[in-house]
A.B. asks: 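Okay, handing you the structure first.
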Amino acid sequence: MRGALGTAARLLAVVFVAIAAVLHYLENLDPVTIPSMAEDVKTLEENLRLQNRSCFLLGASGETGKVLLQELLERNIFSKITLIGRRKLTFEDKAYENLVQEVVDFEKLDEYAAAFQGHDVGYCCLGTTKAKAGTEGFIRVDHDYVLKSAELAKAGGCTQFHLESSKGADKNSSFLYLRVKGQVEADIEALGFDRYSIYRPVVLLVDRQESRPSEWMARKFLGTLSSVFPTAMSIPIQAVAKAMVSNTLLQPEKQTEILENKAIYTLGSSTHK
Ligand SMILES: NC(=O)c1ccc[n+]([C@@H]2O[C@H](COP(=O)([O-])OP(=O)(O)OC[C@H]3O[C@@H](n4cnc5c(N)ncnc54)[C@H](OP(=O)(O)O)[C@@H]3O)[C@@H](O)[C@H]2O)c1
């Protein structure tokens, strides 16, 4: 009996060490290439503020979009913020009173080209899931709506596009989710924005109101792990939002840049207020 217990304990220890090794590997997998903050954040924010730039946000009612909108308002770097979505959102707080809202029918986006005109910067946190929308619906939203919005924005004078994509996005993947994410990344790159930033987070740590049981369970597990391995398998949603805004202040080295999870986390954490 004691021998069996000893063997079980040794096995458990081996499994534990193996899991820790995998997490350690994942934690250090992504090369962290973050453009350096030559000047302090406040100066960069002030510089952008003086340029009177405008931005639009797709997906402001979603989990990332909500936090991104908060961050954009708090940092006050744009003179005009437009929300483009399928429904009008209501906000209690005075901080939201100057927002412009454009309600569009994503199935007929060409008829709403005016909503996409005259913005300098675009942020996209739009998306659904196969479970919610089915395969066709998922492709329609995560690829077609996103690409069409980017096309209209580009035609309307937008020079910068920031896309929340996903870890592992790959247009050649055999997994639908990753393939669609990779395809939309590539199709938007072909539009030739002056600057195109792709953010590839892993599982978002957020207290979602909507019921997604598998995501909830994954989050409970990942939330615990994240105290030891903060970027191996998850990321707080605030870090993604902060990184998207902070990155806007920086000059990328290339026209298209990809921020993997660790870079997002590092940028999002290093610029905490
Ligand atoms: N969740 C994760 O762990 C995770 C991880 C990596 C990457 N991502 C990606 O990150 C992005 C944002 O994720 P999230 O979890 O923050 O999103 P979310 O909470 O699901 O919000 C999605 C947004 O897209 C809009 N939307 C969905 N279906 C639509 C439709 N048919 N027509 C028009 N608008 C529609 C929603 O508008 P309504 O409020 O009107 O529905 C909402 O504003 C997504 O592209 C997602 O794939 C997510």
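As a basis for the values below, the full set of heavy atoms in this structure was taken, side chains included, without hydrogen atoms, waters or symmetry mates. Owing to the predicted nature of the structure, the values given are computational and were not obtained by experimental measurement. Residues: numbered from 1 along the sequence shown.
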A.B. asks: Go through the side-chain N and O atoms of Glu45 and Asn76 and say whether any donor and acceptor fall under 3.5 Å apart.
C.D. replies: no
A.B. asks: Taking it one step at a time, do Lys108 and Glu111 satisfy salt bridge (Lys or Arg N to Asp or Glu O under 4.0 Å)?
C.D. replies: CA-CA 6 Å; Lys108 300 175 186 161; Glu111 294 176 17; 5.2 Å; no
A.B. asks: Can you list the steps and then say if Asn261 with Tyr199 is a side chain to side chain donor-acceptor pair (under 3.5 Å)?
C.D. replies: CA-CA 8 Å; Asn261 198 58; Tyr199 303 82; over 6 Å; no
A.B. asks: Counting only N and O atoms by type, is there a donor-acceptor contact under 3.5 Å from the side chain of Ser166 to the main-chain atoms of Ala169?
C.D. replies: no
A.B. asks: Hey, are the side chains of Phe161 and Ser197 touching, using non-hydrogen atoms and a 4.5 Å cut-off?
C.D. replies: no
A.B. asks: Is any side-chain heavy atom of Ile235 less than 4.5 Å from a side-chain heavy atom of Ile264?
C.D. replies: yes
A.B. asks: Let me check something: do Leu152 and Val146 share a hydrophobic cluster, defined by ILVMFWY side-chain heavy atoms less than 4.5 Å apart, either directly or through other members?
C.D. replies: yes
A.B. asks: Return the minimal non-hydrogen interatomic distance between Asp40 and Lys42, and the atom names on each side.
C.D. replies: OD1-N, 3.0 Å
A.B. asks: Checking Gln160 against His162: is there a side-chain donor and acceptor pair closer than 3.5 Å?
C.D. replies: yes
A.B. asks: To the closest 0.5 Å, what do you measure between CG (Leu48) and CZ (Arg75)?
C.D. replies: 10.0 Å
A.B. asks: Would you call Leu191 and Leu147 a side-chain contact if the rule is heavy atoms closer than 4.5 Å?
C.D. replies: yes
A.B. asks: Partners of Tyr145 by side chain to side chain donor-acceptor pair (under 3.5 Å), sequence neighbours excluded?
C.D. replies: Glu107
A.B. asks: With rounding to the nearest 0.5 Å, note down the distance linking SG in Cys125 to CG in Leu204.
C.D. replies: 9.5 Å
A.B. asks: Would you say the side chain of Val121 lies within less than 4.5 Å of the side chain of Phe78, judging by non-hydrogen atoms?
C.D. replies: yes
A.B. asks: Any heavy-atom pair between the side chains of Pro252 and Arg195 that's under 4.5 Å?
C.D. replies: yes
A.B. asks: What is the minimum heavy-atom distance between Cys158 and Gly122, and which atoms define it?
C.D. replies: SG-N, 3.7 Å
A.B. asks: In Å and rounded to the nearest 0.5 Å, what is the CG to CG distance from Asp105 to Asp110?
C.D. replies: 11.5 Å
A.B. asks: Let me check something: do Val103 and Phe106 share a hydrophobic cluster, defined by ILVMFWY side-chain heavy atoms less than 4.5 Å apart, either directly or through other members?
C.D. replies: no
A.B. asks: I'd like to check Val245 versus Leu68 (side-chain heavy atoms, cut-off strictly below 4.5 Å). Are they in contact?
C.D. replies: yes
A.B. asks: For Thr266 versus Lys262, what's the shortest heavy-atom pair and its separation?
C.D. replies: OG1-O, 2.6 Å
A.B. asks: Are Leu72 and Leu249 co-members of a hydrophobic cluster defined by side-chain heavy atoms under 4.5 Å apart?
C.D. replies: yes
A.B. asks: With sequence neighbours excluded, tell me which residues meet ring pair (Phe, Tyr, Trp, His ring centres under 6.0 Å) with Tyr196.
C.D. replies: none
A.B. asks: Which residues pass the side chain to side chain donor-acceptor pair (under 3.5 Å) test with Thr248, not counting sequence neighbours?
C.D. replies: Tyr123
A.B. asks: Can you give me every donor-acceptor pair (side chain of residues 177-189, partner residue at least two apart or in another chain, under 3.5 Å) with its distance?
C.D. replies:
unit_1	atom_1	unit_2	atom_2	d
Arg179	NH1	Ser173	O	3.2
Arg179	NH1	Ser174	O	3.4
Lys181	NZ	Asp142	OD2	2.6
Gln183	NE2	Asp187	OD1	3.0
Glu185	OE1	Arg200	NH2	2.7
Glu185	OE2	Ser165	OG	2.6
Glu185	OE2	Arg200	NE	3.0
Asp187	OD2	His143	NE2	2.7
Glu189	OE2	Thr256	OG1	3.2

A.B. asks: Would you compute the distance between atom CG of Leu44 and atom CD1 of Ile77 and round it to the nearest 0.5 angstrom?
C.D. replies: 10.0 Å
A.B. asks: Considering non-hydrogen atoms only, spot the tightest contact between Leu267 and Ala243 and give its length.
C.D. replies: CD2-O, 3.7 Å
A.B. asks: How about Tyr265 and Pro201: do any of their side-chain heavy atoms sit closer than 4.5 Å?
C.D. replies: no
A.B. asks: What distance separates Asp120 CG from Lys80 NZ, expressed to the nearest 0.5 Å?
C.D. replies: 10.0 Å
A.B. asks: To the closest 0.5 Å, what do you measure between CG (Leu57) and CE (Met244)?
C.D. replies: 8.0 Å
A.B. asks: Could you check whether Glu151 pairs with Lys154 (Lys NZ or Arg NE/NH1/NH2 to Asp/Glu carboxylate O, under 4.0 Å)?
C.D. replies: no
A.B. asks: Tell me which donor-acceptor pairs under 3.5 Å the side chains of residues 81-99 have, and how far apart each pair is, sequence neighbours excluded?
C.D. replies:
unit_1	atom_1	unit_2	atom_2	d
Asp93	OD1	Ala95	N	2.9

A.B. asks: By the rule that ILVMFWY residues connect when side-chain heavy atoms come within less than 4.5 angstrom, directly or transitively, which residues belong alongside Val100?
C.D. replies: none
A.B. asks: Flag the pair His119 / Cys55 as yes when at least one side-chain heavy-atom distance between them is below 4.5 Å, and no otherwise.
C.D. replies: no
